[in-house]
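Not measured: the values here are computed from a predicted model.
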Amino acid sequence: MEKTLEYAGIKNYTGKAHYNLCPAKLVEYALKRKEGLLTDQGALVVKTGKYTGRSPHDKFIVDTPEVHEQIAWGDVNVAMSVEHYNALKDKVLEYMSDKELFVFKGFAGADKKYRRKFTVINELACQNLFIHQLLIRPTKEELYNFGLTDYTILVAPGFHCISEVDHTNSEAAIIINFTERTVIIVGSQYSGEIKKSVFTIMNYCMPLQENILPMHCSANMDPDTGETAIFFGLSGTGKTTLSTDPNRMLIGDDEHGWSEEGIFNFEGGCYAKTINLSPTGEPDIYRAIRFGSELENVVVDAKTRQPDYDDGTLTENTRVGYPIEYIQNAQIPGVGGVPKVVIFLTADAFGVLPPISRLDHDAAMYQFVTGFTSKVAGTERGISEPQPTFSTLFGEPFMPLDPGIYAQLLGSRLEAYGTKVYLVNTGWNGGPYGIGSRMKLSYTRAMVTAAVNGSLDNVIYYYDSRFNLHVPQSCPGVPEYVLNPKDTWANKEAYEDMANELAMMFEANFNTKYPHMPENIRKAGPHPKK
């Protein structure tokens with residue numbers, strides 16, 4: 001352990017370092033250092049300050065010769081020169097050289113054949129608690145035999161960049177150097193930046209080195225048959241909520257790989273949104289908030305220490321991180337077979353997409369590449385209400401390679417195993433955002449259940465030619481009128497106009513971003529009615 005900081009570049013260290021502390025000790029340090037306080041159920045609650053969500057405009061990838069031809073450079077994967085990276089890294093290392101530091105060594109990848117070793121060095125005990133619970137925790141033997149790490153992540157929220165000097169966009173920066181296998185996260189205390197940096201690394205490694213499809217998805221499994229289902233979707237679409245099903249085993253809530261043998265969780269914990277959380281709506285997540293869990297930006301009563309999950313004063317993006325073992329029906333280790341069903345989740349703020357529809361192979365490829373949803377308030381800085389967006393692969397901010405690499409992997413998996421694909425709209429019905437209402441969770445749960453247990457295999461479907469979707473006319477536990485979005489609108493003409501508007505957005509996005517996609521996939525998307 002004594003060589004860890006030196007290996008990370010922190011020379012002549014004069015502070016005090018703590019290695020792989022248990023959650024109880026990390027909580028004690030966090031309280032002693034006034035990083036947070038305890039709730040009535042024993043969870044640690046912290047405030048992350050200015051940064052209450054990811055800061056995508058502050059993310060960079062170091063442009064080294066080894067990766068230059070591999071990275072899909074652009075507005076998402078923004079280059080930083082080696083020279084500027086080295087200069088900034090030297091400052092960060094000097095800043096950390098006399099700080100009390102908390103070090104966690106753990107794994108990403110529940111399948112031991114494909115896992116990566118990570119060393120995370122934190123300035124804050126609370127953030128070390130977070131990553132301890134979110135990554136896969138080593139056994140004593142695994143820690144003893146850990147050896148050299150694959151990637152090192154340096155996290156110093158107290159270090160603020162000077163943008164005009166450090167060539168960043170603000171005081172915060174998230175910089176990944178794939179060649180040096182190092183990540184620097186400074187200026188932001190939002191712990192999601194650590195988690196998503198690990199994910200980005202896995203998304204880079206898995207396709208190139210193991211021919212594995214990395215996925216921004218949750219996954220669960222039937223406890224009797226062992227059949228698995230995966231749920232793609234951006235934050236706020238329901239990945240965590242819908243996969244946390246008391247009748248199925250939870251494999252993971254956010255990040256997975258799909259190998260030829262099946263799927264596996266990248267993580268050892270969950271990171272769930274808590275806004276409007278209730279013991280009746282999401283009982284498993286509610287019960288997981290206890291000692292060892294970390295709440296971010298949740299308002300807590302000063303006297304009773306009871307969290308108010310309906311209070312979005314600090315942000316709508318209130319969060320909790322907890323180990324997956326806190327879910328009673330977690331599948332440990334997080335490994336499952338080939339998915340029987342794939343579900344694409346979208347939160348349509350226009351209110352015109354069907355709540356559930358079946359996709360053929362080409363339509364599935366189109367929707368995967370397109371990744372339509374609405375950014376939900378708070379997930380990223382500056383988002384105060386849902387905004388329609390197209391996020392390639394339902395995870396564009398975390399996919400450093402060309403989208404075609406991931407799409408080809410998904411297409412080959414779907415074709416090889418005959419996996420069924422559904423598009424589920426967890427967004428609005430009865431009208432767009434501001435007029436309609438969010439789809440009832442009970443209805444969405446019923447539709448997902450029907451999709452994964454085969455109840456939708458033999459029902460009658462109608463074809464939606466505008467969006468190229470096959471929509472079931474009936475579903476157990478769901479009123480029939482809900483299944484056709486037009487029936488939920490009072491103004492049918494307004495529905496037609498809004499549906500056409502969204503279809504045109506699909507066309508424009510695809511033509512702009514994917515001009516070289518095969519014609520069969522291009523034709524499998526929405527087409528506005530003339």
Apply salt bridge (charged side-chain N to carboxylate O under 4.0 Å, His left out) to [X] and list each qualifying residue two or more places apart in sequence or on a separate chain.
X    : result
D245 : none
D254 : K195, K196, K239
R137 : E325
K117 : none

Are more than 12 heavy atoms, taken from residues, nucleotides or ligands other than [X], located less than 6.0 Å from that residue's [atom1] atom?
X    : atom1 : result
K11  : NZ    : yes
E261 : CD    : yes
E66  : CD    : yes

Query raised in the report: Can you tell me if D98 uses its side chain to pair, donor with acceptor, with the backbone of G15 under 3.5 Å?
Result: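 Not at all, since once roles are kept as given, no pair shorter than 3.5 Å links the two residues.
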
Quick note, salt bridge (charged side-chain N to carboxylate O under 4.0 Å, His left out) partners involving residues 205-215, not counting sequence neighbours, are R116-E210

Six-ring centre of Y271, R319 cation under 6.0 angstrom, axis tolerance 45°
yes

Test: K99 cationic atom under 6.0 Å from Y95 six-membered ring centre, within 45° of axis: yes

Open item on the list: For F199 together with H216, are the ring centres under 6.0 Å from each other?
Closed with: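 Yes, they do, as the ring centres are separated by less than 6.0 Å.
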
Checklist entry - Are Y204 and Y151 close enough that their ring centres sit under 6.0 Å apart? => result no

Side-chain donor-acceptor pairs of residues 339-347 under 3.5 Å, sequence neighbours excluded:
from : atom 1 : to   : atom 2 : distance (Å)
K340 : NZ     : E227 : OE1    : 3.4
T346 : OG1    : F372 : O      : 2.7

Can we say E142 and R115 salt-bridge, meaning some charged N sits less than 4.0 Å from an Asp/Glu carboxylate O?
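Looking at R115 together with E142, the answer is yes, because their closest N to O distance falls below 4.0 Å.
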
Q.
Check this for me: does any side-chain nitrogen of one of E296 and K47 sit under 4.0 Å from a carboxylate oxygen of the other?
A.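 No.
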
